[in-house]
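Computed from a predicted structure; not experimentally measured. We count residues from 1, following the sequence as given.
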Amino acid sequence: MAPNSATIASLLRQTVYYHLDNFTYENALFFAERLQAHDPRSSESAFLVALCHFRLGDSRSAYEASKTNGYRGIHLGCAYIFAQACLDLEKYKEGITALEKSRGLWSNKNSPGKHSSCTRAPYPDAAAVSCLLGKLYRAYDDKKKAAYCFEDALKLNPLMWDAFTILCDMGVGVRVPSIFKTNESLARNFEYDSSSVSLDQNGGVPANPVEPLHKKTTLQSVLQDPSDPFESRTAAAFQDVPNSLLFAEAGENDFMSKIAAARSRLNQSQSNGNASDGIEPPTGIVETTTRFSAAEPPQAPTRKVRGAQAVEPGFLDAPPRMSYRVGSKKKERGQDGADLSESIMRGSAMSLSAMERKRTASGHPVQTRPPIGDEPRRSARLNFPRTSAKANSGAATIGAAASRELKKARPPISRILRPGSSGSSVGRVVSGNRKPLEENTMDVDHAEAPKYKEPAHVQAPPKPTEPEPAKVDEALKWILDLLKKMAAGYQLSTQYLCQEAFSTYASLPRAHQDTPWVLAQMGKAQFEQANYAEAEKLFRRLRVLAPTRLEDMEVYSTILWHLKRETDLSFLAHELVDSVWCAPQAWCALGNAWSLAMDREQALRCFKRATQLDPKFSYAYTLQGHEHFANEEYDKALTAYRHAVSADKRHYNAYYGMGNVYEKLGSYDKAFSHYHAASTIHPNNPILLCCLGIVLERQKQVVQALQYFSKATELAPKAPETRYRKARALLAIGQLEAAQRELMVLKDLAPDNARVHFLLGRLARNLRDKKTAVRHFTIALSLDPKATSQIKEAIENLEDDDGMDDSMMH
C-alpha cells in the first residue's frame, strides 16, 4: 500500500519543528527542503524554509523563500518572515506592504498565553506584527505611523517591552501607569496556560505533554488498529525499541483520551458478553480453547512475556526491548518457536482480527504456550532480569501464593501440569482477584496479561496543578508592577532625568538590580551626570556578571577615557576586539584607547571601522567627529556629526559637537542654536548649559549667561568648570560676596588649578586686599609657568581696574 501523503508531510513538519526547538537549524533546513519538495504547493512548506533560513541568519534566502506568499499577504507566517528579512535588508516599503496586505490574518489574533514548555503558536499575533510594522515605519522615517503601531502593540500586550523602549527612544510621551496595568483580557489569555504540564526538575519530558496547535499525526497512529482501544498500551511497551524498528513515536499526546475511550468500550463489551464464558482455560493446549468461544469479547490488552528473549538464540541479536505477547490466529500444534518470536517482534503493528481470538469473561486472550521443547528452563527464568515490583503486580502466581488465590476464585478453573514443574499445580484466576507478585516468588507464569481496569504497573501521569484565576491575576500584577518600575526608570533615562531614573532603578529588588540590563542603565544614568567614578563601579560590576556583553561597552570605554585610566581602557578594548572582531562597540573602545594615548590617526581608523560595521551606529560617528575636532579638521568633524544626527535624530552629542565647531569658528549664533538643540533633548546636562552660558558670555550677555551657569552648578555641584564659570560671571557683574563664596568652594574642589588662584587674586584686588592678591597670583604662577607674562602683568597692575580680557580667564 502506498504511504499516505498527508502523513509524510506531517512527519516531516514535526521533524522540522523538532530541530527548530532544539536549535539544530541546519537539520531543520534540510528537512524543510524535503517537506517543500514533497508538497511544493503548500504555503506552510515555504514558511518553514524561510523560517530556517532566517534562524540561520540568512536574511536574503529568507526573503526569497517567503516572497511569493509573503509579499501578497496570503500566508501570515510567510508575510512575517518576509517583513523581518525586509527590515534586515533595508527594504522597508516591501515589508510594510506585506504586513498591511495580510492584516486580515493577524488583526484579531492574540496569543500571549499560548506559549509554554509544551505548546506553541507557530504564527505571530497582532501585538508582534504591530511591533514589527512599527519598526518598519520607523526605519522608513514615518514617525507618526510607527508610534501608532507601537501603541497598538502595547494595548494588546503590555509585555511587548521593545515597543515601549522604542517609543521612549523616539521621544514620544508615554504614560507608564496606563500601559503596565492588568486587564481582564490579558489575565484570561494567561489562564490558557494553566493546564500545561511543566518539565520535571531535571528538564525531562513532561508526563502528559500538551498538543501544539497543529495536531501531530505519527506513523504509529496509522499502524494501530483503530478498533482496538488498547493499542496505545501495546505501543507503550515498545518505548525502548529503536525507531528504525517501530517507525513511530512512543507516548502519543492523546494517551489519556485513549484510556478513557478504552475503559468505556471495555465496560460496554463486558456487559454484552456471554456470562457463561467466564472461565479462562489453560494456554498450554490450544484445542481446549474451542470449548470457551461461544461469544467473542472485545480485543483485550496484549500480554507481557518476560522470558521472550530466552525463546530463541537469534532473538538475542536484536536490540534489547520490552516485549509483549500479543494475540494471533490459531496456529497448528507443531508450529515452531520461530513463528512465535516473529510474532513478538511485530508487536502491536500487526493489526490482527479480533474475531479470531478467544477470550475469557474478563476480556483476556487465550494465548498459546510455546512447545515443550522451546519452554525456557526454570533456571533460565530465575536468572532473567526482573522488572520492578510495580511492573510485576499483574503477573499470575504459583505455588503457595497461587493456591491461596485459587481458593478465592469464584468459578472453577482447569489445571494442567507444567512440564518440569515438580508437580506443582499451575492455575489461573479471574484477573480481578490476583494479587501482586511477591519479590521472593521463584516461578512465574508469564502467559497471563493483567486486567486493564486500574492496572497497578501503569503509573498515572501527574495531574498538572491548575492555578486559580486569582493566583494568575496576582502573579500577573506582580510582573506588571515590576515592569512599571523598570519602564518608569527607562522613560526617565530617555528624558535625561538621570537622578530620578537612578533612584527608580535603585528601588528595584536587589536580585533585579544585579542584572546586566539594570546595571547598564544605572551606569549610563551616572555617566550622563558626569559621575564617572560611580558609573565605572557599576560597569565594572556589569563586566563581572556578563563578561561577554557587548552592548553599552562604548559608554564604558568613554567613562574610562574621562577617568584617564589608560591601562584599564586598553585591556577592555583588546578583550572586546579579541572576543568579537566584528563588533562596532569593540572598535569604539579601541579607538578611545588610541585617543587617550594621543594617537589621533589610529583612533580615527578604529572609529571608521566601527561605522563600516554598523552604518547606523551614531555614537561612533560622534567619536569620529571629536577626533577630527581635536585635529582642527572642522569640515570633516561637521560631516561626521551630521552622519550621527542622520542615524539618530535624538543623539544630542552630535549637536553638541557641531556647536563646538561653530564656536571655534566664531559663529556664536550657530553655536548657540546647536547647543540649544542638544539642551532641548538633554535639558539637565550641566556641560550643555555651561556651553550655552559661555557662548552668551562671548557675546557680552553676562547676565543671561549667569543663569545658565547657576543652573549648571545646581545640577553638578562638584564640577569645577561650571562653578568657575559662575564665579567669573559673578565677579564680572560686581557681585563680589557671591563670587567669593563660589571661589572658596572651588578652591577646595580644585586646589591645584592655576585659573582658580588667578581668579582669587583678581577678587582680592577688587576687595583692595593687595597682600592676598599677590599671594594667589604667585601660586598661580607656580602652577602654570606658561602664563608668566599674564600673571606678572596682573601683579604690576594691581592698582589698575583691569577688564575681563585676561587670557587666564578664558
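Taking CG from Leu159 and CG from Leu480, the interatomic distance works out to 6.0 Å, rounded to the nearest 0.5 Å. To the nearest 0.5 angstrom, Cys149 atom SG is 12.0 Å from Lys135 atom NZ. Here Leu35 contributes atom CG and Asp39 contributes atom CG; the two are 6.5 Å apart, rounded to the nearest 0.5 Å. With rounding to the nearest 0.5 angstrom, the CE atom of Met658 is 11.0 Å from the CG atom of Asn653. With rounding to the nearest 0.5 angstrom, the CD atom of Glu474 is 11.5 Å from the CD1 atom of Ile479. Interatomic distance, CG of Leu99 versus OH of Tyr137, reported as 9.0 Å (0.5 Å rounding).
Within a 6.0 Å sphere centred on CG of Asn108, heavy atoms belonging to other residues, nucleotides or ligands number 12 at most. Around the OH atom of Tyr532, the shell of radius 6.0 Å holds more than 12 heavy atoms that belong to other residues, nucleotides or ligands. Dense packing is recorded around NZ of Lys484, with more than 12 heavy atoms of other residues, nucleotides or ligands lying under 6.0 Å away.
At a cut-off of 3.5 Å, with distance as the only test, no side-chain donor of Thr24 or Tyr18 sits close to an acceptor on the other residue. Between the side chains of His643 and Thr611, no donor-acceptor pair of N or O atoms lies under 3.5 Å. Looking at Tyr619 and Asp614, their side chains never bring a donor and an acceptor atom within 3.5 Å of each other.
Scanning for side-chain contact (heavy atoms from CB on, under 4.5 Å) contacts around Ala46 gives Gln36, Asn69, Cys78, with sequence neighbours left out. Partners of Val555 by side-chain contact (heavy atoms from CB on, under 4.5 Å), not counting sequence neighbours, listed by chain and number: Lys524, Phe527, Phe539, Ile559. Every residue two or more places apart in sequence or in another chain that forms a side-chain contact (heavy atoms from CB on, under 4.5 Å) with Tyr148 is listed here: Lys144, Glu151. Considering only residues two or more places apart in sequence or on other chains, Pro177 meets the side-chain contact (heavy atoms from CB on, under 4.5 Å) condition with none of them. Residues satisfying the ring pair (Phe, Tyr, Trp, His ring centres under 6.0 Å) test with Phe31, not counting sequence neighbours, are His19. Among residues two or more places apart in sequence or in another chain, the ring pair (Phe, Tyr, Trp, His ring centres under 6.0 Å) test is passed with Trp478 by none. In this structure Tyr641 satisfies the ring pair (Phe, Tyr, Trp, His ring centres under 6.0 Å) test together with His626, sequence neighbours excluded. Asn22 pairs by the side-chain hydrogen bond (donor to acceptor under 3.5 Å, both in side chains) definition with nothing, not counting sequence neighbours. Under the rule for a ring pair (Phe, Tyr, Trp, His ring centres under 6.0 Å), His676 has no partner lying at least two apart in sequence or in another chain.
The minimum heavy-atom distance between Arg138 and Ala146, with the atom names listed, is N-CB, 3.6 Å. Residue Val16 comes nearest to Ala32 through the heavy atom pair CG2-N, 3.5 Å, listed as atom of the first residue, atom of the second, then distance. Minimum heavy-atom separation, Ile96 to Leu133: CA-CD1, 4.1 Å. Pro158 and Ile179 make their closest contact through CB-O, 3.4 Å (heavy atoms, listed as atom of the first residue, atom of the second, distance). A pairwise comparison of heavy atoms in Ala520 and Asp552 identifies CB-OD2, 3.3 Å as the closest pair. Nearest heavy atoms, Glu554 versus Asn592: O-ND2, 4.1 Å.
Aromatic rings from Tyr621 and Phe607 are positioned such that their centres are separated by 6.0 Å or more.
Of the possible donor and acceptor atoms, none in the side chain of Asn531 sits under 3.5 Å from a partner among the backbone N and O of Glu534. Of the possible polar contacts, one joining the Ser579 side chain to the Glu575 backbone as a donor-acceptor pair under 3.5 Å is found. Using modelled atom types, one side-chain atom of Trp587 and one backbone atom of Trp581 make a donor-acceptor pair closer than 3.5 Å. Ser130 places no side-chain N or O within 3.5 Å of a backbone atom of Ala127 that could act as its donor or acceptor partner. For Thr622 (side chain) and Ser618 (main-chain N/O), a donor-acceptor pair under 3.5 Å exists by modelled atom type. Looking at Asp125, its side chain does come within 3.5 Å of a backbone N or O of Ala128 through a donor-acceptor pair. Side-chain atoms of Gln513 come within 3.5 Å of backbone atoms of Leu508 as a donor-acceptor pair (strictly under, hydrogens ignored). The backbone N or O of Thr68 sits less than 3.5 Å from a side-chain atom of Arg72, completing a donor-acceptor pair.
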Assess the residue pair His75 and Phe47 against the criterion (ring pair (Phe, Tyr, Trp, His ring centres under 6.0 Å)); give the C-alpha distance rounded to whole Å, side-chain angles, the decisive distance to 0.1 Å, and a yes or no.
CA-CA 8 Å; His75 188 271; Phe47 162 67; 5.7 Å; yes
List the steps, then state whether side-chain contact (heavy atoms from CB on, under 4.5 Å) holds for Tyr652 with Glu528.
CA-CA 11 Å; Tyr652 76 92; Glu528 295 295 346; 2.4 Å; yes
Go through Leu692 and Ser679 one step at a time and tell me if the side-chain contact (heavy atoms from CB on, under 4.5 Å) criterion holds.
CA-CA 9 Å; Leu692 286 168; Ser679 181; 4.0 Å; yes
Is there a ring pair (Phe, Tyr, Trp, His ring centres under 6.0 Å) between Phe150 and Phe164? Walk through the geometry before answering.
CA-CA 7 Å; Phe150 290 131; Phe164 171 79; over 10 Å; no
Between Tyr490 and Val176, is a side-chain contact (heavy atoms from CB on, under 4.5 Å) present by the stated rule, with each step listed?
CA-CA 10 Å; Tyr490 189 84; Val176 174; over 6 Å; no
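Put simply, the side chain of Glu26 reaches to within 4.5 Å of the side chain of Leu56, judged on heavy atoms. Residues Ser102 and Ile74 are not in side-chain contact: their nearest non-hydrogen atoms beyond the backbone lie 4.5 Å or more apart. A heavy-atom distance below 4.5 Å is not found between the side chains of His651 and Tyr656. You'll find the side chain of Asn157 reaches within 4.5 Å of the side chain of Met160, heavy atoms only. Residues Asn684 and Cys498 fail the side-chain proximity criterion, which asks for heavy atoms closer than 4.5 Å. Counting heavy atoms from C-beta outward, Leu576 and Gln585 have side chains that stay 4.5 Å or more apart.
With Tyr71 as the aromatic partner, Lys101 meets the cation-pi criteria of under 6.0 angstrom to the ring centre and within 45 degrees of the ring axis.
Counting only residues at least two apart or in different chains, ring-ring contact (aromatic ring centres under 6.0 Å, His included) contacts with residues 50-69 comprise Tyr63-Phe82. Annotation: side chain to side chain donor-acceptor pair (under 3.5 Å) contacts involving residues 494-509, sequence neighbours excluded, are absent.
Taking the charged nitrogens against the carboxylate oxygens, Arg103 and Glu100 do have a contact shorter than 4.0 Å, which makes a salt bridge. Under the 4.0 Å criterion applied to side-chain N and carboxylate O atoms, Asp481 and Lys477 are assigned as salt-bridge partners.
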If you look only at distance, which donor and acceptor atoms sit under 3.5 Å apart when one is on a side chain in residues 84-92 and the other is two or more places apart or in another chain?
| residue | atom | partner | partner atom | Å |
| --- | --- | --- | --- | --- |
| Gln84 | NE2 | Tyr80 | OH | 3.4 |
| Asp88 | OD2 | Ser59 | OG | 3.0 |

